[in-house]
Structure formats: structure tokens, C-alpha cells
Undergrad: 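Attaching a single structure in C-alpha cells format; questions to follow.
It should be emphasised that the depicted structure is a prediction, and the values quoted were computed from it without experimental measurement.
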There are 2 protein chains.
Amino acid sequence: MKRSGRRPGNQDTRTSILEVARRTFAEKGFDKASIRAIAGDAGVDPALVHHYFGTKEKLFLEVMNAPINPGELIPQALAGPREEAGIRLIRMALSVWDSPAGTAALAMFRSALSNEWTARLLREFVVTQILRRAVRELIVDPEEAPLRSALVATQIAGLMVVRYVLRLEPVASADPELLATMIGPNIQRFLDEPLD
Amino acid sequence: MKRSGRRPGNQDTRTSILEVARRTFAEKGFDKASIRAIAGDAGVDPALVHHYFGTKEKLFLEVMNAPINPGELIPQALAGPREEAGIRLIRMALSVWDSPAGTAALAMFRSALSNEWTARLLREFVVTQILRRAVRELIVDPEEAPLRSALVATQIAGLMVVRYVLRLEPVASADPELLATMIGPNIQRFLDEPLD
DNA sequence: CGATGAGTTCAACGCTAGATGAATTACTTC
DNA sequence: GAAGTAATTCATCTAGCGTTGAACTCATCG
């Protein structure tokens, strides 16, 4: 059936491999997303993936590259009354992850849960790209910033785990706005309440 | 050096395999904990593991069997003033996971994050063994119980992820009592506050 | 038309994994 | 002490992984 050699026509195979890879990394995480499976889903030989991206890790980095730039989101989440920042954070997080663009973020998170290399990538990214930017505007005492932001991280990570990884109902399919009003105030408390 | 055949003396190899397995599953999760590595750490041939436990999945079930029985813990966590239940929950959770007995729970959780089969096991276990017992005593309106308990689960799961899996400081090495007083009230809010 | 190069597949290597069946050694019982 | 059974290892099978180098086919440009 499928002959060897170049295919007729002009198709951007490289991009379609990237799309399949993003989806697959998000569904299975770094380790279980095999290059062979990605190639198969893209209708392509595994060797072609290496031809374009070199190694599996470079492919992962390429997948992460494009869609994650918190440069726009963070200010957007911060704009608004200070005492509703918690709600806005949850609302924005959910809208990002539920969107197609959030697939990369989910891939990153899922991978970080079981792979040391991607876990380091995520820590690095979260700390330098998100926490440092967001937290300095929200937390008054800079000395308390690391603890407070890590506490915020527990609630947000837990929401991701329950909604997207474990898929525990009714949170898995709950309305984002309901979740925002329920969880937001708890985020707010991590930001504001005194650390006994 | 190491000859074939039965070893001299009376040693309970089966049990020591189980201990190594529990530790290994907790550290690496189901998928990355290889039978070969477990056997190696236990100073034993991989085939012996199969001889005792049949398959990797049966070994995992055996590991889970003994130490997880919430029959005693739950009432203990519930005993006390109603309005401090949140703090007691966090305090107890941390004391369980930090203890050697909590290794199995950690193994279960870690595995569930990347393996579908263990994720189903965990959902089943959490829902039938923990939530149903604990929540009926804490949540007034039974209609709200599923959502409220799932919200509690987000905060607790997030704490596990940040403290034990991602090991994000300062939560990773924070004093349990501090975490309890910081996080407990948020749990309390999930239990009590009206669901807007 | 012919050459060059990019796109693509083929076949294979080296590795790790879970699993299996036969062979080897020790303990137990009569 | 011989028979039988339990504990243990050995060698091996099958399957999947990431990766590599060579071979093949098409598009493009002179």
C-alpha cells in the first residue's frame, strides 16, 4: 500500500505531527506518549519524527514552546478589584486548560507528575514565569510570598488533578463559574489571611 | 557466587519482597516501579516475585491490602468540635502520609496519577471507603455531599501533589501543624459555606 | 532533461519490560 | 534415607521503546 519515499502534493507534515504530539502528551504524559504512537496517529513513520525534531525531549520542548506565554494572561488575571483576585485566578486557569491552547499546559502538568525531567521543567517555568510575576502584585509581605504562593499552588494543582487527571465527579464536569465561586475565596484566603 | 535453588535457613522472603515493593511503588508509581528493580532491591530473582504474586497487578493489590483501612482513622478524625473538622482532617492526613504506614497510600496516589488502572482503583477506594463514611457525618445536606467532598478532595490532592510529588518548597518541608492551621479553614469552608 | 535536495519509509540495533517453564537446592515427613 | 514439596534461580520468549543510517520518491530549479 504505502510506498516509500516522498509523498505527492504539498502538505505540512511537520505541523500535523506537532498537533498529534501535543494531544498525545496531554493525554498520556511524557513517558507513556510513545514516538511510535504519535507517528502512527499522524500517519507517518517514526523515523520522520526524529528527522524533524531530533529526540523525544526536543519534540516535547517544541510542543511546549508556542502556546504557553503567560505574558498576556497574568496581567489579565490581575486586572480588577484586589479582593476578587482568587476568583479571577480560578476562572482564568479553567478557561485556559479547557481551551485547545491549554492542551500544552495539561501535557506539561501530566508529564511532570511522573517524569523527573519534565517536573524540573515545570517547577522552573512556574516559579520564574508565573509566581514571580503574579505574586509580587498580590502578596503584601514579600517574606511570606514563597509560602503563600505555594499554598495557592496546592489548591490549583489539586483542582487540575481532580478535574483532569483523576476525573472525579462532579468536579470533572462542573461548570467553571461554579468552581470559581466555590474555590476562589479559598485562594483569596491564602493570599490575605494572617499566617498564624 | 549465588547458587541456584532454595536458600538455607528460615527467612520470610515473601514479606521482604512486599516491603520493598511498597517502598518502590510509593517512590516511583506503578508503571516505573519495575518488577526487576523490586527483585533486585530485595536480593532476589525476578521470577520469584512472579512465583509468589503471579502478576505485577496482583503484587500491587497485595501491597495495598494490609495497611489501608480507614475504619479506625475516619472516626478519629471526626471526633472533636464540628467547626475544627477541617484542621483535624489535614493534620491526620499529614500524619498518615508522613508515617511508614502511609507509604501504601502514597504508592496508590502516585500510581493513580499516571496509570489508568490504578486511577480507577483509587477513585473506587476513595469514594466508597473514605468519602461515604466521612462526609455523611460532616455535610448537612446530602444532596450537596458529592460536590462538597470532591472540593475537599481537590485541596487534599493538591497538598499531596505539591508536598510529595512535585516537592515544591516551602510546602514540601513545612511543619505539619503550620500546614494544618493554614489549610484547615479552607477545608472547613468547603464543608460549611453556602454553594452560591 | 538531469541534478540536487527535501520528504519519507525500511530495516535494524540495543535496551528494558513482564512473563514462563524447566532445572536446582533445601526443608519436611514418613 | 527416600519421597515429596516448597523455595529459588536460569535461560528464554515476546513486546515495546528510542534511535540510527541507508534507501527510495517526489518537487524544484537550471
Undergrad: For a quick test of reading the model: is some side-chain N or O of T13(A) closer than 4.0 Å to OP1 or OP2 of dT8(C)?
TA: yes
Undergrad: Could you tell me the separation between the CD atom of E57(B) and the C1' atom of dA19(C), rounded to a whole number of Å?
TA: 13 Å
Undergrad: Starting from P on dG16(D), measure out to NZ on K28(A) and report it in whole angstrom.
TA: 13 Å
Undergrad: Quick one: which of dA7(D), dA19(C), dC10(D) gets closest to the side chain of D45(B)?
TA: dC10(D)
Undergrad: Is the closest side-chain donor-acceptor distance between E124(A) and T128(A) under 3.5 Å?
TA: no
Undergrad: Of the non-hydrogen atoms in I87(B) and A180(B), which two are nearest, and what is the gap between them?
TA: CG1-O, 3.7 Å
Undergrad: Is K32(B) salt-bridged to E116(A), cutoff N-O under 4.0 Å?
TA: no
Undergrad: Once you round it to whole Å, what is the distance between P of dT5(D) and NE2 of H51(B)?
TA: 14 Å
Undergrad: Is the phosphate of dT8(C) approached by Y52(A) (side-chain N or O, under 4.0 Å from OP1 or OP2)?
TA: yes
Undergrad: Calculate the interatomic distance between I17(A) atom CD1 and dG7(C) atom C1'; express it in whole Å.
TA: 10 Å
Undergrad: Of the options dA19(C), dT9(C), dG18(D), whose atoms approach the side-chain atoms of H50(A) most closely?
TA: dG18(D)
Undergrad: Does R148(A) come within less than 4.0 Å of D141(A), counting only side-chain N to carboxylate O?
TA: no
Undergrad: Show the distances under 3.5 angstrom between N or O atoms of the protein and N or O atoms of nucleotides 15-17 of chain C.
TA:
| residue | atom | partner | partner atom | Å |
| --- | --- | --- | --- | --- |
| dA17(C) | OP1 | S34(B) | OG | 3.4 |
| dA17(C) | N7 | R36(B) | NH1 | 3.2 |

Undergrad: Using whole Å, what does the distance between atom P of nucleotide dT24(C) and atom CG of L48(B) come to?
TA: 18 Å
Undergrad: Using only atom types and a distance under 3.5 Å, with no angle test, would you say the side chain of Q155(B) pairs donor to acceptor with the backbone of I187(B)?
TA: no
Undergrad: Taking the six-membered ring for Trp, are F25(B) and F30(B) parallel (under 30°), tilted (30 to 60°) or perpendicular (over 60°)?
TA: parallel
